[in-house]
Each structure stands twice: as structure tokens, then as C-alpha cells.
Amino acid sequence: EVWQVYEALASIPNGNFTVAAAFGNVHGVYAPGNVSLKPVILHNTQKYIKEKLGCDSDKPVSFVFHGGSGSSLEDIRYAIEAGVVKMNIDTDTQWAFWDGMNEYQKKNKDYLQAQIGNPEGAEKPNKKYYDPRMSLRSGEESMAERLVKCMEDLKCVDVL
């Protein structure tokens, strides 16, 4: 099936494309161990298409990895070795953003109950705590940390 998709897309003049081939990947949120990836399918597909084309490249196809949540780092790296050039990380980055905001709220709970009055005194203002830019910034920082981890996992650091 991937060969048929590749053949159709390759017929477009000057076509540059990626293929999102299924190899056990799924969209959504899954606990580690609940996704059964078979990245060997991608390796076998590359070999098959290389033979069909009679080309020198061991990776004639650029793959997209849809639905990586819950996948092991080993499976992700093996998929990259098979020619994955893009992996969706939206679910993980959404959670990281929310988690940063949630941690901010937990840390500052006593300052987020009213505009005035907190553990430092009944007349103390809380404006600097409930300013939405503060919790949003915590979300941004948490998401940035997760993006760095993703880039390390996907071997995208210091490659340009």
C-alpha cells in the first residue's frame, strides 16, 4: 500500500512529500506500553521501495509518525532510523502547557483565593499572582522544557 501511495505522489512533477504509513501508531493519549509499534514495517517498506525503484538510497521515502504518545524511546528511535522525518508531539506539548499552569495554581493557591488577603496578611494584594500572564508563562516554560526533551528524543539537536 505504501508503494502505491509513493508511486502516485512521485508522479507529480517536482513533488516533495512525506508518507504517513501505519505501523501500530495511533492518535490520542495512551499510557506507556499500551501502544504496540512495529517500526520494522517502515524498514521493510524502505527496502521494498528501494528494490522497486532500483535506487541507491536506503531511505527513498520520508515518513511521518502520527500518534507517538505512549511510544517507547527505543521504538521512536528505530522509526527515525527507518526514515521518519516528522513526528506529531501535540498531545505531549498540550499536556506540558496545562501541567505548567496547574503547577502554578497549586504553588500559589493561597494567593489565588481573593484579590486581597493572603498568608502574608489580610490586606496584602494578590494581583501579581492572578495576573493571567503569570500562569500562562508557567505553561510556556513547562511546554518549552517538554519541547527540548522531544527534540533530544527525536535527535533534532545540533543537526543544522
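As a basis for the values below, the full set of heavy atoms in this structure was taken, side chains included, without hydrogen atoms, waters or symmetry mates.
The line from CG of Leu37 to OG of Ser72 is 7.0 Å long, rounded to the nearest 0.5 Å. Between the CG atom in Leu154 and the CG atom in Leu147 there is a gap of 10.5 Å [rounded to 0.5 Å]. With rounding to the nearest 0.5 Å, the separation of SG in Cys150 from CD1 in Ile76 is 8.0 Å. Taking OG1 of Thr93 as the reference point, atom CG of Asp99 lies at 12.5 Å (rounded to 0.5 Å). Between Trp98 atom CH2 and Met101 atom CE the span is 6.5 Å, to the nearest 0.5 Å. Rounding to the nearest 0.5 Å gives a distance of 11.5 Å between NE2 of His66 and CE of Met87.
Each salt bridge (Lys or Arg N to Asp or Glu O under 4.0 Å) pair with one or both residues in residues 130-146, not counting sequence neighbours, appears once here: Asp92-Arg146, Asp131-Arg133, Arg137-Glu140, Arg137-Glu141. Among pairs with a residue in residues 58-87, those fulfilling salt bridge (Lys or Arg N to Asp or Glu O under 4.0 Å) read Lys50-Asp58, at least two apart in sequence or across chains. Screening residues 149-160 for side chain to side chain donor-acceptor pair (under 3.5 Å) gives Lys149-Asp153 as the qualifying pairs, with residues at least two apart or on separate chains.
The cluster map of Ile, Leu, Val, Met, Phe, Trp and Tyr, joined by side-chain heavy atoms under 4.5 Å apart, puts Val64 and Tyr6 in different clusters. Residues Met151 and Val148 fall into different hydrophobic clusters, defined by Ile, Leu, Val, Met, Phe, Trp and Tyr side chains chained together at heavy-atom separations under 4.5 Å. Linking ILVMFWY side-chain heavy atoms closer than 4.5 Å, directly or via other members, places Leu136 and Met143 in a single hydrophobic cluster. The hydrophobic cluster containing Val2 does not contain Val85, counting ILVMFWY residues as joined when their side-chain heavy atoms lie under 4.5 angstrom apart, directly or transitively. Under a hydrophobic clustering in which Ile, Leu, Val, Met, Phe, Trp and Tyr are joined whenever their side-chain heavy atoms come within less than 4.5 Å, directly or via other members, Val61 and Trp3 fall into the same cluster.
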Identify every side-chain donor-acceptor pair in residues 112-123 under 3.5 Å, counting partners at least two apart or on other chains, and give the distances.
unit_1, atom_1, unit_2, atom_2, d
Gln113, NE2, Lys109, O, 2.8
Gln115, NE2, Tyr130, OH, 3.2
Asn118, OD1, Glu120, N, 2.7
Asn118, ND2, Asn126, OD1, 2.6
Glu120, OE2, Tyr111, OH, 2.9

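Side chain of Ser142 to main chain of Ser138: no donor-acceptor pair is present (N/O by atom type, distance under 3.5 Å, no hydrogens or angles). Tyr48 contributes no side-chain N or O that, together with a main-chain N or O of His43, makes up a donor-acceptor pair within less than 3.5 Å.
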Under the side chain to side chain contact (heavy atoms under 4.5 Å, CB included) rule, what do Asn108 and Tyr104 come out as? Steps first, then yes or no, please.
CA-CA 6 Å; Asn108 297 292; Tyr104 176 86; 3.1 Å; yes
Report the C-alpha distance between Phe65 and Ser71 in whole Å, list the side-chain angles of each, state the deciding distance to 0.1 Å, and finish with yes or no for side chain to side chain contact (heavy atoms under 4.5 Å, CB included).
CA-CA 11 Å; Phe65 183 164; Ser71 302; 3.8 Å; yes
For a side chain to side chain contact (heavy atoms under 4.5 Å, CB included) check, start with the C-alpha distance between Phe17 and Ile12, then their side-chain angles and the critical distance, and finish with the verdict.
CA-CA 10 Å; Phe17 58 90; Ile12 299 169; over 6 Å; no
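Side-chain rings of Phe23 and Phe63 stay apart, their centers remaining 6.0 Å or farther from each other.
Nearest heavy atoms, Pro39 versus Ala82: O-CB, 4.4 Å. The shortest heavy-atom contact between Ala22 and Ile41 is O-CG2, 4.2 Å.
Partners of Ser36 according to the side-chain contact (heavy atoms from CB on, under 4.5 Å) rule, which considers only residues two or more places apart in sequence or in another chain, are Lys38. Lys106 pairs by the salt bridge (charged side-chain N to carboxylate O under 4.0 Å, His left out) definition with Glu103, not counting sequence neighbours.
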